[in-house]
Amino acid sequence: TLYSNVLYRAALRRFAHICDALGRDADAERYRDLSDRSRTAIQDAFWNEEGGYFNNATQWGIPDTALMLADNAIAVTEGIVSRNDRFRTLEAIRTRNWRTFGSVTTDLPMKYVPADNDHNVKVWPWWMGHEARARFLNFDAEGGLSVLGHMVRTFSRPTYPGLCEEYLNPDDGSQDDVVGHAFIT
């Protein structure tokens, strides 16, 4: 998926920085080369030129065109696309994922999980944190503050206030009876 590949590329970049700091020039260059190859492969495999964002995945040559919020935001902050395409991606997120109570995790329901899965078109404050960072790093302070405002408003929720696992129905702000699966035992 896009998410895993972007994190892999980010790790390669960080390995290069560590090797630079340690004076291991040959290793740093090797990691930079791998990072560049990974960036190109991600662009080739996932970039949706028509939509201006990264597809979620490609399986058997068929792209999953859902716009996954965190995956695309992390791709922006990690510089997977050019500056112009970063702005296009942030605009696609605004257009496709913004709802009354925040940015949804995915703009289209995922087909490979049950419809009531807690990631399926829900608002999760911790995923919006990646979007806020991407917006601030790319000169969209107004958008970044809007996203942060949605996150902060979750602190006053009567059930599980401010809990990162908390998720909201995107249009009415209600919570399902059961909070998600990641942190609650």
Side-chain angles (χ1 to χ4, degrees), residues 1-7 9-10 14 46 48 51-57 64-81 83-185:
T1 66
L2 173 63
Y3 186 79
S4 299
N5 282 280
V6 170
L7 292 182
R9 193 279 180 142
R14 284 160 180 77
F46 299 108
N48 182 324
Y53 67 94
F54 288 98
N55 293 326
N56 176 47
D64 174 358
T65 60
L67 197 163
M68 302 296 280
L69 172 66
D71 309 31
N72 274 270
I74 293 170
V76 167
T77 60
E78 290 298 331
I80 302 294
V81 292
R83 180 181 291 301
N84 287 341
D85 286 338
R86 289 180 208 167
F87 296 133
R88 288 180 68 205
T89 300
L90 291 172
E91 184 55 33
I93 291 170
R94 180 188 311 270
T95 301
R96 291 179 57 160
N97 292 57
W98 279 23
R99 303 292 194 277
T100 303
F101 289 87
S103 298
V104 291
T105 54
T106 176
D107 70 322
L108 299 171
M110 295 180 283
K111 299 172 187 158
Y112 43 87
V113 297
D116 64 346
N117 181 281
D118 55 357
H119 282 282
N120 226 355
V121 195
K122 299 287 184 171
V123 173
W124 277 43
W126 68 342
W127 290 133
M128 291 190 322
H130 293 291
E131 179 187 356
R133 182 171 187 257
R135 291 190 179 284
F136 285 124
L137 290 174
N138 288 280
F139 312 105
D140 182 11
E142 184 178 328
L145 289 172
S146 176
V147 171
L148 283 179
H150 285 299
M151 293 169 65
V152 169
R153 280 189 284 286
T154 68
F155 297 161
S156 63
R157 303 292 301 181
T159 307
Y160 305 110
L163 183 64
C164 287
E165 173 67 11
E166 176 182 61
Y167 59 93
L168 308 175
N169 290 308
D171 296 316
D172 66 5
S174 65
Q175 289 177 280
D176 293 336
D177 291 336
V178 178
V179 175
H181 310 294
F183 301 118
I184 304 301
T185 59

- Message: Quick check for you: to the nearest 0.5 Å, what is the distance between N72 atom CG and R86 atom CZ?
- Response: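 Taking CG in N72 and CZ in R86, the distance rounds to 13.5 Å.
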Report yes if the side chains of [X] and [Y] come closer than 4.5 Å at any heavy-atom pair, otherwise no.
X: I93; Y: Y53; answer: no
X: F46; Y: V6; answer: no
X: D140; Y: F87; answer: no
X: R96; Y: V104; answer: no
X: H150; Y: V123; answer: no
X: W124; Y: L69; answer: no

Return yes if some donor-acceptor pair links the side-chain N/O of [X] with the main-chain N/O of [Y] below 3.5 Å, else return no.
X: S146; Y: E142; value: no
X: N48; Y: N55; value: no
X: N97; Y: L67; value: yes

How close do [X] and [Y] get, heavy atom to heavy atom, and via which atoms?
X: A73; Y: A134; value: O-CB, 3.7 Å
X: G51; Y: A92; value: O-CB, 3.8 Å
X: T77; Y: I74; value: OG1-O, 3.0 Å
X: A132; Y: G144; value: CB-O, 4.1 Å
X: L2; Y: F54; value: CD2-CB, 3.2 Å
X: R99; Y: D107; value: NH2-O, 4.0 Å

- Query: Between W127 and Y3, how do the two ring planes meet: parallel, tilted or perpendicular, split at 30° and 60°?
  - Reply: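 Perpendicular: the ring planes of W127 and Y3 meet at over 60°.
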- Would R83 and N138 count as a side-chain contact (heavy atoms from CB on, under 4.5 Å) if you check the C-alpha gap in whole Å, the side-chain angles of each, and the deciding distance to 0.1 Å? CA-CA 8 Å; R83 180 181 291 301; N138 288 280; 4.3 Å; yes
- Task: Check the pair E131 / R94 against salt bridge (Lys or Arg N to Asp or Glu O under 4.0 Å), numbers first and verdict last.
- Result: CA-CA 10 Å; E131 179 187 356; R94 180 188 311 270; over 6 Å; no
- Tell me, with the steps shown, if T1 and M68 meet side-chain contact (heavy atoms from CB on, under 4.5 Å). CA-CA 10 Å; T1 66; M68 302 296 280; over 6 Å; no
- Message: Testing the 3.5 Å rule here: is there a donor-acceptor pair between the side chains of H130 and R133?
- Response: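 Not at all, the side chains of H130 and R133 share no donor-acceptor pair under 3.5 Å.
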- Message: Within the supplied structure, the quantity of interest is the number of heavy atoms (other residues, nucleotides, ligands) at a distance under 6.0 Å from R88 CZ; does it exceed 12?
- Response: yes
